[in-house]
Amino acid sequence: MRLPAPRETVPLLLVAAIAAILPVFGSDYYLGVGFALFGWIALVQSWTIVSGLAGYISLGHVVFAGIGGYVLVLTWGAVPVWAGAVLGALAAGLFALLVGLPVLRVRGPYFVILTFGLAEFAKYVVINIENALGKFGRLILGGPQVETLYWAMAAAALAGTLAVIATRRVRLGAGLAAVREDELAAETIGVPTVRFKLFAFALSALLPGFVGALFVLRTGYFEPAQAFDPVISFTIVTMAIIGGSEDARGPVLGALFLVVLSELLWASFPQVYMIILGALLIGFVLFAPNGVAGLLDRLRSTGGARAAT
Amino acid sequence: MEFLLSGQLLVAALIIGSIYGLVALGLNLIYGTMRLLNIAHGDLVMIGAYTGYWLFTLAAISPVLAMLAAGALAGLTGAALYFGLFRRQLTGSQPIERIEANSLLIFFGISIIIQNLTALAFTASPRTYQALDTLVRIGEVSIAQSRLVALAVCLGLSAAIVLFLRFSALGLSIRALIQHRTASRIVGIDVDRVQAFPFVLGLAGTLIGVTEQISPFMGFPFTIVAFVVIILGGLGNLAGGIAAGMVLGLIETYGVALTSANLRSVLIYGVFILVLILRPEGLLQRRRLT
């Protein structure tokens, strides 16, 4: 077994440290912020598996969170709470497996808009099902305490971070990188591209399903337009671009940055927050395509070069 | 089921179809010539709708005139985006796949910025206004004047653009550009000259704004629709795109009439997903030199 590199240990330690520190303040506000932060970290890490490592940029990752949340409310009362959340994760993974084969045949920018369309399609289907059932939002009463949810979400963030680190270490990660660089060449030299892509897609759907279920438990109700809100997908992509999606550091940095920004701005200036988000997305794509993590690497390598001369 | 045969429904479908056709024509020209997936496309439509709204509300200017101003504004916005952000990318040395993926993300950022700036300036609440709302009777069908104007302008403008591109030298060079991007670059066709085409979006936007609700977030559905239409009609096939717009208008109007208005989005996104999955090569295909 290879010894862990800093790019592996740093994000893990960062998540663990934040998880340990926030409860010290003893206020529900910090637990709430931490809950959101870990939720985003888990989402962006999951996204990184298929979109960062394999280069299939998904602009519809909210669909998995929405499915997870929907399964949780559907099974509410019928199964224990945590079983419902796990079922939500499994349902999201299953959905990814089912749609993955045709969807992953579509490449490049078309995959991006296709995933967006798929998520919107699922949203309107669920809205119509709920309307037909005569449900306009569902309330969840008596869910777990904030603190319980906090620790569950911290575990999800750690699991997501570990998943990216582990994927990069095994054959799957090398295969996905080959797909990203040149899919045709990868296939020619015998990388099982279809199987790898499908597996990565399903893997990247599991945790978002769980996170979506926790989001519903936290807010106490389920409303399809909110659970499948495309802004969630957009935020995931922006966090990944800002942080970088080469390895497990980027998602942690990107999520941390935007969660702090949103705490400062979202409540009072939601539109200003969105405009800054858009500007950051454009700026990073144009000038720092590898995100903050890439900038740090560049800084370190130029610093090292200067020291050597 | 008798209502399905009514002329009223058919005219409604034709109006929607002609608007879709014109909006998609704009995307066909821009995507076709630059291979940039402009998902801020619909936001230029939105800008046109607001221009019409404010000119009418503040200065009582008829939408028929306002749409010219809206066209100019949308054309300028489109050109500014091109010269400000994308020209350097296109002439750079990056591989085309990289440019496509990047341009999509950049356009997405632009779309978010345009929408939220509009929401910031004019609030996010939807608006409507009453202009050109006298009813015109043609046989058994009665339609608002505004919808009749929309139908006439969209069809007329689409036809004019198609004919222009078919018979003028600039038109030929643009079509050559769509069909053989690299080859036409080698023989010296200038991409910069098509940058004014977003003006049709402003025009269409004003017409849409008279007939439908205006909101900062109204544009995205039109982007989706435009993509469906140009995939159905074939990239670079301008007349085919207009026909496909009509087909989509018919599918939507009759689909909704048969089921319910709630299913409109399911229908549109359903068609969107199907065409992308079944015919991704319709858009992806790079025509080889033969």
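Convention: sequence-line order gives letters A, B, ...; per-chain numbering from 1. Below, each value reflects all heavy atoms present in this structure, side chains not excepted, and no hydrogens, waters or symmetry copies.
- Here the OG-CD1 distance, from Ser265(B) to Ile127(A), works out to 8.0 Å after rounding to the nearest 0.5 Å.
- Taken to the nearest 0.5 Å, the CG atom of Leu286(A) stands 4.0 Å off from the CD1 atom of Ile106(B).
- Contact annotation for Ile114(B): neither backbone nor side-chain heavy atoms come within less than 4.5 Å of a heavy atom of chain A.
- Neither the backbone nor the side chain of Val231(A) comes within contact range of chain B; no heavy atom of the residue lies under 4.5 Å from a heavy atom of that chain.
- Atom CG in Leu277(A) sits 9.5 Å away from atom CD1 in Ile113(B) (nearest 0.5 Å).
- Using a 4.5 Å cut-off between heavy atoms, Ile276(A) makes no contact with chain B at all.
- Rounded to the nearest 0.5 angstrom, Thr223(B) OG1 and Ile113(A) CD1 are separated by 10.0 Å.
- If you measure heavy-atom distances from Ile268(B) to chain A, you find no contacts under 4.5 Å at all.
- For Phe116(A) and Phe272(B), the ring centers sit 6.0 Å or farther from each other.
- When all heavy atoms of Ile277(B) and Val106(A) are compared, the pair lying nearest together is CA-CG2, 4.3 Å.
- For chain B, the nearby part of Leu59(A) is the side chain; its heavy atoms alone come within less than 4.5 Å.
- Here Ile273(B) contributes atom CD1 and Phe121(A) contributes atom CZ; the two are 5.5 Å apart, rounded to the nearest 0.5 Å.
- Note: Gln271(A) CD to Thr118(B) OG1 = 10.0 Å, rounded to the nearest 0.5 Å.
- Environment of CZ in Phe199(A): sparse, with no more than 12 heavy atoms of neighbouring residues, nucleotides or ligands closer than 6.0 Å.
- Only the side chain of Leu104(B) has a heavy atom closer than 4.5 Å to any heavy atom of chain A.
- In Leu184(A), the CG atom is not crowded: 12 or fewer heavy atoms of neighbouring residues, nucleotides or ligands sit closer than 6.0 Å.
- Residues Ile112(B) and Ile275(A) are not in side-chain contact: their nearest non-hydrogen atoms beyond the backbone lie 4.5 Å or more apart.
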